[in-house]
Structure formats: structure tokens, C-alpha cells
Amino acid sequence: MMFSKKCYNLLKKVPRGKVVSYKQIAEQVNIKAYRAVGNAMNKNKYKDVPCHRVVESDGSIGGFVRGVDEKIRLLRKEEIEVVDGKIDLKKYGYFFK
DNA sequence: CTAATGACCATTA
DNA sequence: ATAATGGCCATTA
């Protein structure tokens, strides 16, 4: 199965109001290709994949196809606090089982 | 086939 | 605290 598709499937498990890091997704696929995960998101065309819930491992926002501002807006819309361009992972971080 | 490019990460200075 | 550096690897040219 294609790498990008695996990322999408994992990401679909992340509930509204929670976020994961690019690294976490890479870990689930058992590789160290952190950057490749970002690439996959960038080219994602599926509508049911919540790309905006993927942030950097230190809690900063990362990037987004339609701009970082839009990403923040989407996150706030699901009750996630974004202060000073960062998210508190203790509070909003999701952990895969 | 090779080379370049990232929505990244950890370490070092 | 910021900035540079090297490494990672799927994808694309």
C-alpha cells in the first residue's frame, strides 16, 4: 500500500479537538520519514482527511496548503487553543494506540 | 537510473 | 531564546 494512503488512514482516527505531530504518524508507519509525511499531507486530495490536525512535534503549527492562517482558523473552530502560534500538546495531543 | 525538494526533527552553537 | 546543520525518505522531475 502506498505510504501516503497509510498516513491518511491513520489521520482519520484522530478525533475532533485533538492533534498529532508529523513524527507520530511516521512512527506508526515505522519509519523515520518525518518530512515525507508532510509531503503526503501537502498533496492530499481527500476531503475526509483532517490535515489541519497535524502539527509539529514542539506544538508549533507547521504548514498548510491554503496558508497557516487558515489552518489556525480550522483548529480554533474545533475548540483548540492556539496561543502565540503554538498548541499545548499536553492538552490537545492525541496518542495512537 | 540520479538529483532535487519538502506542511519535519534533533542536536549543536 | 534563535540559527544553522545534518539526517530522514517518499515523491517528483
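In this text, all values refer to a predicted model and were calculated from it rather than measured experimentally. Here is the naming used below: chain letters follow the sequence lines, and residue numbers restart at 1 for every chain. Only heavy atoms go into these numbers, but all of them, side chains included; no hydrogens, no water, no symmetry mates.
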Peer 1: Would you mind reading off the distance between A:Gln24 atom CD and B:dA7 atom P, rounded to a whole angstrom?
Peer 2: 20 Å

Peer 1: Could you state whether A:Ile87 and A:Ile72 fall into the same hydrophobic cluster, counting links through intermediate Ile, Leu, Val, Met, Phe, Trp or Tyr residues with side-chain heavy atoms under 4.5 angstrom apart?
Peer 2: yes

Peer 1: From CG of A:Leu89 over to C1' of B:dC9, roughly how many Å is that when rounded to an integer?
Peer 2: 14 Å

Peer 1: Whom does B:dC8 pair with, Watson-Crick or G-U wobble, provided both distances fall under 3.5 Å?
Peer 2: C:dG7

Peer 1: So which protein N/O to nucleotides 4-6 of chain B N/O distances come out below 3.5 Å?
Peer 2:
unit_1: B:dG6; atom_1: N7; unit_2: A:Arg35; atom_2: NH2; d: 3.2
unit_1: B:dG6; atom_1: N2; unit_2: A:Asn39; atom_2: ND2; d: 2.8
unit_1: B:dG6; atom_1: N3; unit_2: A:Asn39; atom_2: ND2; d: 3.0

Peer 1: Any side-chain to backbone donor/acceptor pair from A:Lys71 onto A:Val54? Under 3.5 Å, distance only.
Peer 2: yes

Peer 1: Is A:Val65 reachable from A:Val37 through a run of I, L, V, M, F, W or Y residues, each pair having side-chain heavy atoms under 4.5 Å apart?
Peer 2: no

Peer 1: Can you figure out which of C:dT11, C:dC9, B:dC9 approaches the side chain of A:Met2 most closely?
Peer 2: C:dT11

Peer 1: In terms of side-chain heavy atoms, does A:Glu81 have a donor or acceptor partner in A:Tyr92 at a distance below 3.5 Å?
Peer 2: yes

Peer 1: From B:dA7, C:dT11, B:dC9, pick the nucleotide closest to the side chain of A:Cys51?
Peer 2: B:dA7

Peer 1: Sequence neighbours excluded, which residues qualify as side chain to side chain donor-acceptor pair (under 3.5 Å) partners of A:Arg66?
Peer 2: none

Peer 1: If only atom types and distance count, is the side chain of A:Gln28 paired as donor or acceptor with the main-chain N or O of A:Lys6 below 3.5 Å?
Peer 2: no

Peer 1: Rounded to whole angstroms, how far apart are NZ on A:Lys86 and C1' on C:dA1?
Peer 2: 11 Å

Peer 1: Taking CD1 from A:Ile31 and C1' from C:dA10, how many angstroms apart are they, rounded to a whole number?
Peer 2: 8 Å

Peer 1: Closest approach to the side chain of A:Phe3, judged atom by atom: which nucleotide of C:dC8, B:dC9, C:dA10 is it?
Peer 2: C:dA10

Peer 1: Is there a donor-acceptor contact under 3.5 Å from the side chain of A:Lys12 to the main chain of A:Cys7?
Peer 2: no

Peer 1: Measure CG/A:Asp58 against P/C:dT2 and give the value in whole Å, please.
Peer 2: 11 Å

Peer 1: NA contact type, A:Val65, heavy-atom cut-off 4.0 Å: base, sugar-phosphate, or nothing?
Peer 2: base

Peer 1: Which nucleotide sits closest to the side chain of A:Lys43: B:dA7, C:dT12, B:dC9?
Peer 2: C:dT12

Peer 1: To the nearest Å, how far apart are A:Lys71 NZ and B:dC8 C1'?
Peer 2: 11 Å

Peer 1: What's the CG-C1' distance between A:Leu74 and B:dA7, to the nearest Å?
Peer 2: 14 Å

Peer 1: Does A:Ser57 place a side-chain N or O at less than 4.0 Å from the phosphate oxygens OP1/OP2 of B:dC8?
Peer 2: no

Peer 1: Hey, is the side chain of A:Lys23 poking within less than 4.0 Å of OP1 or OP2 on B:dA10, counting only N and O atoms?
Peer 2: yes

Peer 1: Take the protein atom OH of A:Tyr8 and the nucleotide atom C1' of C:dA10, then report the distance between them rounded to whole Å.
Peer 2: 11 Å

